[in-house]
Amino acid sequence: MTDRAFYGRSVHEVARDLVGCVLRHGPTAGRIVETESYHESEPACHAHIGLTARTHTLFREPGVAYVYRSYGIHALLNAVCEEEGTGAAVLIRALEPLEGLDEMRARRGLQRPEDLCSGPGKLTQALGIGLELNGSSLTDGPIAVEPRSEAPRLAEGPRIGITKAADLPWRFCDADSRHVSRPWPPAMRRSRVAA
DNA sequence: CATGGGATTGACT
DNA sequence: GTCAATCCCATGC
C-alpha cells in the first residue's frame with residue numbers, strides 16, 4: 001500500500017512512479033501501464049479555474065481519489081497529489097488486468113484482456129469504481145495502490161483527448177505493455193514487445 | 001435560468 | 001475516418 005508521502009510530491013514524479021504499481025478494488029486488480037499528470041497551473045486541469053464544488057477534491061490532501069463523470073457517461077479516476085491546497089492529480093488511463101478477470105468481463109461485456117482496462121473510462125467500469133468513491137482514500141480506503149517491485153521502461157508523449165495545453169508531454173506509458181490506450185505514443189509505434 | 005462543452009467510448013462508413 | 005450518447009457544472013444573460 002502506498003502512503004500519503006508518496007503522493008505529496010511533484011505530480012509529474014508521482015505519475016511516473018505510478019506506472020508499474022498495482023491498482024486494486026475488491027476482487028479486481030490490474031497493473032497501471034499508463035498515466036497523465038495535471039496541475040492547476042495549466043488550463044487542461046480542472047483545478048485551473050479554482051476552488052468550486054466540482055474541483056474541491058483536487059485541492060484536498062495528497063492520496064485522495066478524485067473521481068468525476070466525463071462526457072456524461074464515464075467515471076475517471078485520479079490520484080490527488082502535492083500539498084493540500086494545491087490542485088494537482090494523476091489520471092489513471094490504463095491497466096493490465098491481473099485479478100478478477102471474469103468479474104471485469106461481466107462488467108464490460110467483453111472477453112479480450114487487452115480490451116478490459118485500456119482506457120480511463122474502461123478501467124473504472126471493469127473495477128467497479130464509481131462516483132461514490134470520489135474523495136475516498138487511496139492509502140486507507142476501498143481503492144488500494146500497491147508499490148511496484150521494479151520500474152518499467154517508460155514511453156512519454158503529449159496528453160491525449162484534450163483541447164487545452166495539448167502540447168505538454170505529461171503522458172507516461174509502460175513502453176513494453178500492449179494494454180496502453182490508443183493512440184499509442186509515437187515512441188511505441190515502431191517495434192512492439194510482448195507485455 | 002438556459003446553454004454548451006468535456007481528461008470517452010463504441011458503433012458505424 | 002465520423003458521430004451520437006448523456007450529464008454535471010461553469011458561464012453568461
Side-chain angles (χ1 to χ4, degrees), chain A residues 7 10-16 18-19 23 28 30 32-60 62 64-82 86-97 104-136 138 143 145 155-174 178-186 189:
Chain A
Y7 299 98
S10 157
V11 69
H12 312 301
E13 288 181 28
V14 180
R16 292 168 156 278
L18 277 174
V19 178
L23 181 72
T28 53
I32 299 173
V33 297
E34 179 181 355
T35 62
E36 285 178 358
S37 47
Y38 288 84
H39 189 271
E40 63 180 22
S41 60
E42 42 91 11
C45 182
H46 292 171
H48 187 67
I49 59 173
L51 183 59
T52 67
R54 183 197 197 190
T55 64
H56 166 72
T57 306
L58 280 169
F59 293 91
R60 288 188 55 191
V64 161
Y66 170 51
V67 186
Y68 76 97
R69 185 175 296 291
S70 175
Y71 289 91
I73 303 174
H74 308 286
L76 270 56
L77 171 67
N78 303 251
V80 174
C81 296
E82 310 206 356
T86 297
V90 175
L91 170 68
I92 311 297
R93 285 196 59 89
L95 309 176
E96 173 191 342
M104 293 183 187
R105 291 187 174 106
R107 287 171 174 150
R108 295 272 299 127
L110 294 168
Q111 298 302 312
R112 296 168 62 226
E114 52 272 25
D115 292 333
L116 294 175
C117 301
S118 55
K122 298 178 183 180
L123 70 91
T124 54
Q125 183 184 23
L127 270 62
I129 295 172
L131 301 183
E132 72 280 1
L133 291 174
N134 183 39
S136 67
L138 294 172
I143 306 173
V145 179
E156 306 179 10
R159 298 176 295 183
I160 59 178
I162 57 175
T163 56
K164 292 169 284 192
D167 54 320
L168 298 174
W170 291 350
R171 182 188 187 202
F172 308 97
C173 300
D174 179 335
R178 46 197 179 85
H179 297 266
V180 168
S181 71
R182 309 282 206 98
W184 285 348
R189 296 195 196 148

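Below, read A as the first sequence line, B as the second, and so on, with proteins coming before strands; counting in each chain starts at 1.
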Check the distance between [N]'s [atom2] and [X]'s [atom1] and give it to me in whole angstrom.
{"X": "A/L58", "N": "C/dA10", "atom1": "CG", "atom2": "P", "value": "11 Å"}
{"X": "A/I49", "N": "C/dG12", "atom1": "CD1", "atom2": "P", "value": "12 Å"}
{"X": "A/R112", "N": "B/dT9", "atom1": "CZ", "atom2": "C1'", "value": "15 Å"}
{"X": "A/F172", "N": "B/dA7", "atom1": "CZ", "atom2": "P", "value": "18 Å"}
{"X": "A/I92", "N": "B/dA7", "atom1": "CD1", "atom2": "C1'", "value": "12 Å"}
{"X": "A/I73", "N": "C/dC8", "atom1": "CD1", "atom2": "C1'", "value": "13 Å"}
{"X": "A/L123", "N": "B/dT8", "atom1": "CG", "atom2": "P", "value": "12 Å"}
{"X": "A/E132", "N": "C/dC8", "atom1": "CD", "atom2": "P", "value": "14 Å"}

| message | Could you check, using the six-membered ring where one of them is a Trp, whether A/Y68 and A/H46 have ring centers closer than 6.0 angstrom? | response |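 Yes, they do, as the ring centres are separated by less than 6.0 Å.
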
Heavy atoms under 4.0 Å, any strand shown: does [X] hit a base, just sugar-phosphate, or nothing?
{"X": "A/R159", "value": "nothing"}
{"X": "A/R108", "value": "sugar-phosphate"}
{"X": "A/I162", "value": "sugar-phosphate"}

| Mapping A/G72 and A/P120 to their closest nucleotides on DNA chain B, which lands nearer the 5' end? |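 Between the two, 5'-proximity favours A/G72.
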
Which nucleotide sits closest to the side chain of [X]: [options]?
{"X": "A/R69", "options": "B/dA7, C/dC8, B/dG6", "value": "C/dC8"}
{"X": "A/Y38", "options": "B/dA7, B/dT8, C/dC8", "value": "B/dA7"}
{"X": "A/R54", "options": "C/dA10, C/dC8, B/dA7", "value": "C/dA10"}
{"X": "A/L110", "options": "B/dA7, B/dG10, C/dT11", "value": "B/dG10"}

| field | Opposite nucleotide pairing with C/dT6, Watson-Crick or G-U, both atom distances under 3.5 Å | value | none

Counting only side-chain N and O atoms of [X], is one of them less than 4.0 Å from OP1 or OP2 of [N]?
{"X": "A/K122", "N": "B/dG10", "value": "yes"}
{"X": "A/T163", "N": "B/dG6", "value": "yes"}
{"X": "A/R93", "N": "B/dT8", "value": "yes"}
{"X": "A/T52", "N": "C/dA10", "value": "yes"}

| said: I'd like to know if the side chain of A/R159 reaches the main chain of A/E36, judged simply by a donor and an acceptor atom lying under 3.5 Å from each other, with no hydrogens or angles considered. | reply: no

| query | Would you say A/E34's side chain and A/S181's backbone share a donor-acceptor pair under 3.5 angstrom? | reply | yes

| Under 3.5 Å, is there a donor-acceptor pair linking the side chains of A/Q125 and A/R107? | no

| A/H74 or A/A53, whichever maps to the more 5' nucleotide of DNA chain C | A/H74

| query | What integer number of Å spans the C1' atoms of B/dA7 and C/dG1? | reply | 23 Å

| message | Could you measure the distance from the CZ atom of A/F172 to the NE2 atom of A/H12? Nearest 0.5 Å is fine. | response |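 Those atoms lie 7.0 Å apart.
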
| request: Report yes if some heavy atom in the side chain of A/Y38 is under 4.5 Å from a heavy atom in the side chain of A/H48; otherwise report no. | output: no

